[in-house]
Amino acid sequence: MPELPEVETVRKSLKKVILNKKIVDVEIKYNKIIKNKTDEDFRKLLIGQKFIDIKRLGKYLVFVLSDYYLISHLRMEGKFLVRRDEAIGKHEHIIFYFTDFNLRYHDTRKFGTMHLYSKNKDIKSLVPLMNVGIEPFDSALTIDYLEKHFSKTTRPVKSTLLDQRIISGLGNIYVDEVLFLAKLNPENPTNTLSRKNISDIIKYSKLVLNKAIELGGTTIRTFSSGSEISGRFQNELRIHTKKVCPECGQEVIKIKVGGRGTYHCHRCQPLKRLKKTGD
DNA sequence: CAGGTCTCCTGCTAGC
DNA sequence: TGCTAGCAGGAGACCT
């Protein structure tokens, strides 16, 4: 499933293909992907638009067009495919036509979203992006910033790390990896973390995401014509989907935290106990 | 207001 | 073998 590294991989590769290309038509096969426009408006506004740039904010792709921003979230299964005259597949929901090829938004589970806005506002003020927090690579992600947010919540640290309003870009797989490297139990109440723990979270978030970007993500099927790219980060996973802890050999425990499948090692990631009064 | 639960959707899997 | 119930999951909606 696409997380920040996957989205970054898509951004870079797609940029090579569609930059300066002009949309000549748009076909909408399933319209619930499009959140803030009617089918006709979406189509009419996009025809004639040229791709100027592709940016990324957290896990969102931002297509910068001549006059609009097209903001796309791939959620679990979204991908962009470059095709020519192949028949339109069952899961291809939105097709952008160019003179010599077309770009298809493919999404098996139909969870992805698109928002279209004119460029007269700052992108960070727009509806899906206004809640995107600081990325691990951003120097604004400091221990002080996280401590401020962490100190006031008792929810499990895993849930806090998945909260895109605080840190953006960590998804289910990468949070498990970060917590394993930081030797923190996913169920630890967030406000029990020390400054050292927070510092480790920042350090390992950068490490894990950078490594994953370098290797092209964890798993991704893709957009280039016919071909398929498998991210190589899946070979680097230490705890997520594992049966045995690579550090101590203990059996890896799988639980649910905040409704998400969560892997951790009971020995390497012990649960912190809340301070007892009078201790 | 924080935090929990439901919802969206389809392919896959376990179980019979 | 074929069927179905149940599950997975990011983020917004909705409820407490």
Side-chain angles (χ1 to χ4, degrees), chain A residues 1-8 10 28-37 56-62 71-79 81 88-94 104-117 124-136 146-179 186-193 205 209 212 217-221 228 231 234 237 240-243 253-263 274:
Chain A
M1 73 219 64
E3 299 197 22
L4 186 149
E6 285 78 4
V7 177
E8 182 60 15
V10 171
I28 301 162
K29 311 287 284 183
Y30 178 83
N31 66 12
K32 290 175 86 171
I33 305 285
I34 302 162
K35 296 300 175 185
N36 69 335
K37 289 282 182 279
R56 182 187 56 70
L57 253 89
K59 302 180 204 168
Y60 288 89
L61 280 172
V62 181
I71 303 166
S72 164
H73 196 301
L74 306 173
R75 292 290 172 89
M76 331 292 299
E77 314 245 1
K79 44 194 77 96
L81 311 166
I88 293 171
K90 182 182 174 186
H91 302 297
E92 294 169 6
H93 307 306
I94 300 173
R104 306 179 183 183
Y105 179 70
H106 179 291
D107 191 344
T108 321
R109 293 195 190 166
K110 302 178 172 172
F111 270 20
T113 62
M114 288 187 195
H115 289 78
L116 184 64
Y117 289 101
K124 292 191 179 176
S125 72
L126 301 172
V127 155
L129 303 180
M130 59 195 298
N131 291 322
V132 176
I134 302 172
E135 288 188 7
L146 286 185
E147 193 175 42
K148 200 181 104 202
H149 284 277
F150 282 16
S151 64
K152 52 186 185 191
T153 178
T154 58
R155 67 208 289 229
V157 62
K158 169 147 185 180
S159 301
T160 305
L161 294 185
L162 283 173
D163 187 338
Q164 302 297 302
R165 294 169 301 180
I166 301 171
I167 303 178
S168 66
L170 291 175
N172 198 43
I173 296 173
Y174 296 115
V175 167
D176 280 4
E177 295 299 310
V178 168
L179 289 173
E187 292 189 291
N188 280 332
T190 308
N191 64 358
T192 61
L193 301 205
S205 297
L209 290 180
T218 301
T219 301
I220 187 164
R221 259 168 232 156
E228 191 173 280
Q234 55 198 311
L237 294 178
H240 194 85
T241 72
K242 299 297 176 193
K243 296 250 187 285
I253 315 275
K254 189 185 179 190
I255 55 169
K256 285 242 182 197
V257 179
R260 305 280 172 261
T262 299
Y263 296 80
L274 283 167

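Residue numbering restarts at 1 for every chain, and letters A, B, ... go by the order of the sequence lines. Nothing here was measured: the structure is a model prediction, and the numbers come from that model.
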What integer distance in Å separates [X]:[atom1] from [N]:[atom2]?
X        : N      : atom1 : atom2 : value
A:Ile166 : C:dA11 : CD1   : P     : 13 Å
A:Asp107 : B:dC9  : CG    : P     : 11 Å
A:Leu161 : C:dG10 : CG    : C1'   : 15 Å
A:Lys158 : C:dA11 : NZ    : P     : 13 Å
A:Lys79  : B:dG11 : NZ    : P     : 11 Å
A:Asp163 : B:dC1  : CG    : P     : 15 Å
A:Ile255 : C:dG9  : CD1   : P     : 13 Å
A:Arg109 : C:dC7  : CZ    : C1'   : 9 Å

Kindly write out the residues that satisfy ring pair (Phe, Tyr, Trp, His ring centres under 6.0 Å) with A:Tyr60, not counting sequence neighbours, or none if the list is empty.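 Residues passing ring pair (Phe, Tyr, Trp, His ring centres under 6.0 Å) with A:Tyr60: A:His73.
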Identify, with sequence neighbours excluded, every residue that meets ring pair (Phe, Tyr, Trp, His ring centres under 6.0 Å) alongside A:His240. A:Tyr263
Taking only nitrogen or oxygen atoms into account, show me every contact under 3.5 Å that the protein makes with nucleotides 12-14 of chain B, one pair per line with its distance.
none

Please report the end-to-end axis angle for the helix from B:dA2-C:dT16 to B:dC16-C:dG2, five pairs per end, rounded to 10 degrees.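 Here the helix ends are tilted 50° relative to one another.
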List the residues meeting side chain to side chain donor-acceptor pair (under 3.5 Å) with [X], not counting sequence neighbours, and say none if there are none.
X        : answer
A:Tyr105 : A:Asp107
A:Asn31  : A:Asp39
A:Thr262 : A:Lys158
A:Ser72  : none

For [X], check salt bridge (charged side-chain N to carboxylate O under 4.0 Å, His left out) against everything at least two apart and list the hits.
X        : value
A:Arg260 : none
A:Glu8   : A:Arg11, A:Arg56
A:Lys29  : A:Glu27

Is there side-chain contact between A:Ile34 and A:Leu116, with at least one heavy-atom pair below 4.5 Å?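 They are not in side-chain contact.
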Can you tell if the side chain of A:Phe150 reaches within under 4.5 Å of the side chain of A:Thr153, non-hydrogen atoms only?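 No; the side chains remain at least 4.5 Å from each other.
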Contact under 4.0 Å: [X] side-chain N or O vs [N] OP1/OP2:
X       : N      : result
A:Lys32 : B:dC8  : no
A:His91 : B:dT10 : no
A:Lys90 : B:dG11 : yes

Any idea which of [options] is nearest the [X] side chain?
X        : options               : value
A:Thr154 : B:dG3, C:dG10, B:dT10 : B:dG3
A:Thr153 : C:dG10, B:dG3, B:dG11 : B:dG3
A:Thr108 : C:dG9, C:dA11, B:dG11 : B:dG11

Would you classify A:Arg260 as touching base, sugar-phosphate or nothing, given that sugar-phosphate means primed atoms plus P, OP1 and OP2, and contacts are heavy atoms under 4.0 Å?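 Result for A:Arg260 = base.
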Describe the nucleic acid contact of A:Lys256 in one word from base, sugar-phosphate, nothing, applying a heavy-atom distance below 4.0 Å. sugar-phosphate
Give each protein N/O atom lying under 3.5 Å from an N/O atom of nucleotides 12-16 of chain C, with the pair distance.
| residue | atom | partner | partner atom | Å |
| --- | --- | --- | --- | --- |
| C:dG12 | OP1 | A:Tyr60 | OH | 3.2 |

What's the verdict on side-chain contact (heavy atoms from CB on, under 4.5 Å) for A:Ile88 and A:Arg104, showing C-alpha distance, side-chain angles and the deciding distance? CA-CA 9 Å; A:Ile88 293 171; A:Arg104 306 179 183 183; 4.1 Å; yes
